[in-house]
Each structure stands twice: as structure tokens, then as C-alpha cells.
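Below: one structure, written as C-alpha cells.
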Amino acid sequence: MDILKLIEEAYEAKKYSYAPYSKFHVGAALLTASGKIYKGCNIENAAYSPTNCAERTAFFKAVSEGEKDFCAIAIVGDKEEFLTPCGVCRQVMQEFCDEKTFQIVSARTKTDYKIYTLEALFPGAFSVKNL
Ligand code: THU
């Protein structure tokens with residue numbers, strides 16, 4: 001997997017971020033097992049709660065086109081900090097991704113990144129196993 005390319009794609013996705021309220025621009029790039037990349041940005045709304053995070057935009061684009069096997073997601077923001085997904089996005093990730101092998105790549109520049117697992121970021125998740 002080319003992590004730097006995935007980060008680059010996340011920065012491309014961030015260009016389309018619609019964040020007039022928070023002014024917090026986020027981009028994500030989701031890599032499928034077949035090698036395709038789905039990009040997503042955050043999309044805000046005047047009513048606030050309809051806002052969709054960049055990560056979920058990428059997931060929903062991919063799943064709506066038949067993808068269900070994912071290897072990694074790169075996430076980038078505007079700040080010089082490592083951005084990790086919100087709880088709702090973690091919940092969506094756990095629906096489709098293996099908690100040990102799916103890689104959550106948080107980049108604060110095009111070359112400086114950290115990799116997390118869902119196991120580390122979202123222990124005790126509610127999942128199909130609880131139903
Ligand atoms: N946001 C994301 O897109 N991804 C994250 O991981 C954290 C938050 C968005 C939602 C909202 O548009 C803005 O960032 C501020 O919360």
C-alpha cells in the first residue's frame with residue numbers, strides 16, 4: 001500500500017470541503033481491497049446536525065458503489081495536529097473494517113503521519129456481535 005499516495009488523495013479531497021460554519025476543512029481517502037480509492041470531504045449544513053464528516057462521505061460513496069472490503073483510510077485536516085475520526089465515524093468504520101488490520105492513517109503533513117487501528121481507537125464498540 002502506498003501510504004503517501006493515499007495521504008495525497010486525502011489532501012485533494014480536502015479542496016472540496018464545504019465548511020463555512022466551522023471553517024475546519026477535512027479530507028479523507030479510503031482504499032479498498034481491490035485498490036480503488038474513494039475520496040471524501042466534510043459537508044456542513046446551516047442546520048448543523050446534517051453535517052457529514054469527510055470519513056463518512058468516503059465510506060458512503062464506496063459502499064453505495066458496492067465496495068465492502070477496505071484496507072485503509074487517510075485523514076487530513078487544516079491544523080498541524082494529528083486528526084482522528086469522531087465517534088460516529090468510528091462506529092461506521094467498525095461496521096465494515098477489521099479492528100486489527102484496517103489502518104487509520106492520520107496525517108498532519110504530506111509526509112508526517114501516524115497509523116491507528118480501530119482496536120486502539122474504538123474499543124468496546126457496539127457491533128453486529130451485540131445484536
Ligand atoms: N470533521 C470531519 O470531517 N472529520 C473528523 O474526523 C472530525 C470532524 C468535520 C465535521 C465538521 O464539519 C468539522 O469537521 C468540525 O467538527
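As the structure lists them, so they are numbered: ligands from 1, and atoms in each ligand from 1. Any value given below was found using the heavy atoms of this structure, including those in side chains, with hydrogens, waters and symmetry copies removed.
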Heavy atoms from other residues, nucleotides or ligands near CZ of F82 exceed 12 (cutoff 6.0 Å): yes
Taking non-hydrogen atoms only, is T84 closer than 4.0 angstrom to ligand 1 via side chain, backbone, both or neither? backbone
Parallel, tilted or perpendicular: which fits the ring planes of F59 and F70, with parallel below 30° and perpendicular above 60°? perpendicular
Under 4.0 Å from one or more heavy atoms of N42, ligand 1 contributes atoms 3 (O), 9 (C), 11 (C), 12 (O), 13 (C), 14 (O)
How far is atom 15 (C) of ligand 1 from its nearest protein heavy atom, and which residue and atom name does that atom have? S22 OG, 3.7 Å
4.0 Å heavy-atom contact, T51 with ligand 1: yes
Below 4.0 angstrom from a heavy atom of C86, which ligand 1 atoms are there? Numbered from 1 as shown, please. 6 (O)
Proximal ligand 1 atoms for P85, defined as those under 4.0 Å from one of its heavy atoms: 6 (O)
Which of the numbered atoms in ligand 1 are under 4.0 angstrom from any heavy atom belonging to E44? 11 (C), 12 (O), 13 (C)
Identify, for atom 8 (C) of ligand 1, the protein heavy atom at the shortest distance, and state residue, atom and that distance. C53 SG, 4.0 Å
So, the side chain of E44 versus the backbone of S22: is there a donor-acceptor pair under 3.5 Å, distance only? yes
When you measure from the side chain of K110 to the backbone N and O of E8, does any donor-acceptor pair fall under 3.5 Å? no
Are any side-chain N or O atoms of N42 and backbone N or O atoms of F24, one a donor and one an acceptor, separated by less than 3.5 Å? yes
Audit row: Q94, R90, side chain to side chain contact (heavy atoms under 4.5 Å, CB included) steps and yes/no: CA-CA 6 Å; Q94 72 74 37; R90 293 176 202 203; over 6 Å; no
Is atom CZ of F126 surrounded by more than 12 heavy atoms (other residues, nucleotides or ligands) closer than 6.0 Å? yes
In terms of residue, atom name and distance, what is the protein heavy atom nearest to atom 3 (O) of ligand 1? A54 N, 2.9 Å
Atom 14 (O) of ligand 1 [closest protein heavy-atom partner, distance rounded to 0.1 Å]: F24 CD2, 3.2 Å
Sub-3.5 Å donor-acceptor pair from the side chain of E55 to the main-chain atoms of C89, do we have one? no
In terms of residue, atom name and distance, what is the protein heavy atom nearest to atom 7 (C) of ligand 1? L83 CD1, 4.1 Å
So, 4.0 Å and heavy atoms of A19: is ligand 1 close enough to count as a contact? no
Got an N/O contact under 3.5 Å between E55 and ligand 1? yes
Are E9 and K5 close enough for a salt bridge, meaning some N to O gap below 4.0 Å? yes
